[in-house]
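These notes concern the structure reproduced below.
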Amino acid sequence: MKPFTVLAFFLVSLLVHGQSVRLVHGQSVRPTTESVAKHIQFLASDKMKGRGTGSKENKKAAAYIVKQFKKTGLSPLGTDGFLQPFTAKVRRIVVPDSIRSASNVIGFLDNGAPYTIVIGAHYDHLGEGRQGSLRDANAVGQIHNGADDNASGVAGLLELARYFAKNDVKEPYNFLFIAFGAEELGLVGSRYFVNNPTLPLDKINFMANMDMIGRYAPDRGVGIGGYGTSDAWPDIFKDVSGDNVKFFTDRSGSGGADHASFYAKKIPVLFFHTGGHDDYHKPTDDFEKIDLVSEVGILNIEIQLIENAMKLPKLNFTEVK
Ligand SMILES: [Zn+2]
């Protein structure tokens, strides 16, 4: 063999070996900055016009999530394939209220287990500023891209679905991945789901919600809510640490995001959130401002927590005082 061929063989065998090692440890299916970026760039592009409930672009976002769920190998568990359609009311001050069609997107990873872990994130946003609350009075007519709120959470949802579906491990729990619609109109999609569940609520172990996980601030850390919703959480959190991100817990199970709908049904919850910022609900919540490396770090913390929780029986629920 020519020296070049020898070198090429050596490099190829290194790559093949590296690949097999990564597969054994599930590394190759772990969240990556590349795929997190790809999902956020698509959902938060100007073409998607802010994914307002009832818009054509909102349906396009749902179709994108369906495509990813299919690619991952999840089975549909909506009421119309992967979709669970419902209607949501847009409340307006100067013009009459309007009724918009919306959908949750629901994919199931069936491990043949008695109980199921729900992972969720909402995919709707404020459209061009005519829906929902606005902090910037001049923003009507401008595209609210919602890269952090909540393309970042949907990217996390898709990455966790890929990880748990493709890691060659048959977990002792099933997973239900839900992208909620109409969150910005008042948690409409998640409330619709818990009142019209496509899987009995008493079969749900806990729910983990991601809403705005793209704007990590090193001095604050990522907040993880719901710590008080089961007395198993302290055990589960023990020894969990992030490579490049730090976290703090808070006990609350309610608050203005979709996990609150599950907490209201006495289901333990976790809520991942990197905190408010100046671009919140403004047209400037853009992809360029997302901290991709930290988002992947947050997802790896979430994976550790879920894997620790799966070593235990179904969690008990505790009310937070
Ligand atoms: Zn949100």
Side-chain angles (χ1 to χ4, degrees), residues 36 39-40 42-44 48-55 57-58 61-62 64-65 88 90-91 100 102-105 118-136 139 143-160 177-194 207-217 220 222-226 250 252-263 269-287 289-291 295 298-299 302:
V36 168
H39 297 314
I40 299 177
F42 178 83
L43 293 166
M48 297 303 285
K49 292 189 177 159
R51 309 182 302 283
T53 298
S55 69
E57 291 78 13
N58 182 278
Y64 177 80
I65 297 162
V90 182
R91 289 193 182 80
R100 305 291 181 97
S103 292
N104 296 322
V105 187
V118 175
I119 300 181
H122 77 86
Y123 70 92
D124 63 302
H125 194 52
L126 301 171
E128 290 171 271
R130 293 183 184 87
Q131 294 180 15
S133 64
L134 261 187
R135 294 199 168 174
D136 186 341
I143 298 170
H144 288 56
N145 303 84
D148 184 34
D149 188 8
N150 185 31
S152 69
V154 176
L157 176 80
L158 296 174
E159 286 296 89
L160 291 185
F177 297 95
I178 313 181
F180 297 108
E183 189 272 353
E184 303 284 10
L185 301 177
L187 317 185
V188 185
S190 56
R191 202 173 322 110
Y192 186 84
F193 177 83
V194 297
M207 189 273 187
N209 185 31
M210 290 164 275
D211 196 348
M212 299 170 65
I213 56 168
R215 298 285 286 264
Y216 181 77
R220 176 190 186 264
V222 57
I224 309 180
D250 90 76
S252 172
S254 45
D258 293 309
H259 59 286
S261 302
F262 290 76
Y263 175 74
V269 295
L270 289 180
F271 171 44
F272 296 82
H273 186 57
T274 47
H277 47 76
D278 288 346
D279 302 303
Y280 174 71
H281 281 197
K282 288 185 186 168
T284 48
D285 178 3
D286 288 329
F287 169 73
K289 294 171 183 166
I290 298 292
D291 180 344
E295 173 155 351
I298 292 163
L299 295 175
E302 189 170 351

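Just follow the structure's listing: the first ligand is 1, and inside any ligand the first atom is 1. What you are looking at is a predicted structure, and each value in this text was computed from that prediction instead of being measured.
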Does [X] bring an N, O or S atom to under 2.8 Å of the Zn ion (ligand 1)?
| X | result |
| --- | --- |
| H122 | yes |
| D211 | yes |
| D149 | yes |

Hey, is D291 close enough to R215 for a salt bridge, meaning N to O under 4.0 Å?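 Salt bridge absent between D291 and R215.
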How long is the gap from CD1 on I143 to CD on E57, to the nearest 0.5 Å?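 Rounded to the nearest 0.5 Å, the CD1-CD separation comes out at 8.5 Å.
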Are Y123 and F180 near enough that their ring centres are under 6.0 Å apart?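 No: the rings miss the under 6.0 Å criterion.
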Where does the angle between the aromatic ring planes of F271 and H273 fall among parallel (under 30°), tilted (30 to 60°) and perpendicular (over 60°)?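 F271 and H273: parallel rings.
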